[in-house]
Amino acid sequence: MEDASTYLSLPSTRHQMDTKGSTFSRSNSSSGGLSVSSRDSFSISTLVCSTKLTQNVGLLGLLKWRMKPELLQENLEKLKIVDGEEVVKFLQDTLDALFNIMMEHSHSSKYDILVFDALIYIIGLIADRKFQHFNTVLEAYIQQHFSATLAYK
């Protein structure tokens, strides 16, 4: 309908229907082709969830790697078996974690191969047709957020 006021003036709740319904039905049984029926109804429900939390233990362990650094190697290895949908949902956070690991452990090469493998896994995911629309997210991350100056090694 082009004129929203036509249907926005109709009762929208049962209470309005009960109080205005009798006068509405007597004075104006239909409004611009719309009519009110006390039998018709629908309800809307919502579910709010956090986009910063994941139930995946492997990914969560990697994102919060500073809390349990003794599990870092295990969590880096687990990343390769984490579902791709979970990884791309947390792409920026995952990349930040990987580059922070690389920067904070630059004095040793203990995690270098594991971090490199994880980065290759993520790039491979984004190259997949299923996640190709995340390519722009990766490009934006590289241009706007990437700051690991020692990563070139």
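Predicted, not measured: the structure shown is a model, and the values here were computed from it. Numbering of residues begins at 1 and proceeds along the displayed sequence.
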*Does I126 belong to the same Ile/Leu/Val/Met/Phe/Trp/Tyr cluster as I142, with side-chain heavy atoms less than 4.5 Å apart forming each link?*
yes

*Given side chains that start at C-beta, do those of Q73 and L114 come closer than 4.5 Å, heavy atoms only?*
yes

*Kindly work out whether a path of hydrophobic side-chain contacts (I/L/V/M/F/W/Y, heavy atoms less than 4.5 Å apart) joins F146 to F90.*
yes

*asked:* Tell me the closest heavy-atom pair linking A97 and L62, and the distance in Å.
replied: CB-O, 3.8 Å

*When rounded to the nearest 0.5 angstrom, what distance separates CD in E86 from OG1 in T94?*
9.5 Å

*Which atom pair, heavy atoms only, marks the closest approach of V82 to Y121?*
O-OH, 2.7 Å

_Nearest heavy atoms of Y141 and D96, plus distance in Å_ = OH-OD1, 2.7 Å

_Interatomic distance, Q132 atom CD to L125 atom CG [nearest 0.5 angstrom]_ = 13.0 Å

*Determine, step by step, whether K78 and E74 satisfy the salt bridge (Lys or Arg N to Asp or Glu O under 4.0 Å) criterion, reporting the C-alpha distance in whole Å, the side-chain angles of both residues, the deciding distance to 0.1 Å, and the verdict.*
CA-CA 6 Å; K78 283 182 182 177; E74 182 182 335; 3.1 Å; yes

*Quick one: CD1 on I120 to NZ on K80, what's the gap to the nearest 0.5 Å?*
11.0 Å

*Just by modelled atom types, is the L59 backbone N or O under 3.5 Å from a matching donor or acceptor in the N56 side chain?*
yes

*Side chain to side chain, L119 and M102, heavy atoms closer than 4.5 Å*: yes

*asked:* Would you compute the distance between atom CZ of F134 and atom CD of Q92 and round it to the nearest 0.5 angstrom?
replied: 12.5 Å

*Check: I122 and L98 side chains under 4.5 Å, non-hydrogen atoms*: yes

*Ring geometry between H105 and Y111 (parallel below 30°, tilted from 30 to 60°, perpendicular above 60°)*: perpendicular

*Check whether more than 12 heavy atoms from other residues, nucleotides or ligands sit under 6.0 Å from atom CD1 of I113, and answer yes or no.*
no

*asked:* Go through it in stages, so that I can follow the logic: the residues are N75 and L79, the test is side chain to side chain contact (heavy atoms under 4.5 Å, CB included), and I'd like the CA-CA distance, side-chain angles, deciding distance and then a yes or no.
replied: CA-CA 6 Å; N75 288 327; L79 180 65; over 6 Å; no

*Out of curiosity, N100 CG to L63 CG, how far, rounded to the nearest 0.5 Å?*
11.0 Å

*Nearest 0.5 Å please: distance from the CG atom of L60 over to the NZ atom of K64.*
5.5 Å

*asked:* On a heavy-atom basis, which atom in L138 and which in L91 lie closest, and how many Å separate them?
replied: N-CD2, 4.1 Å

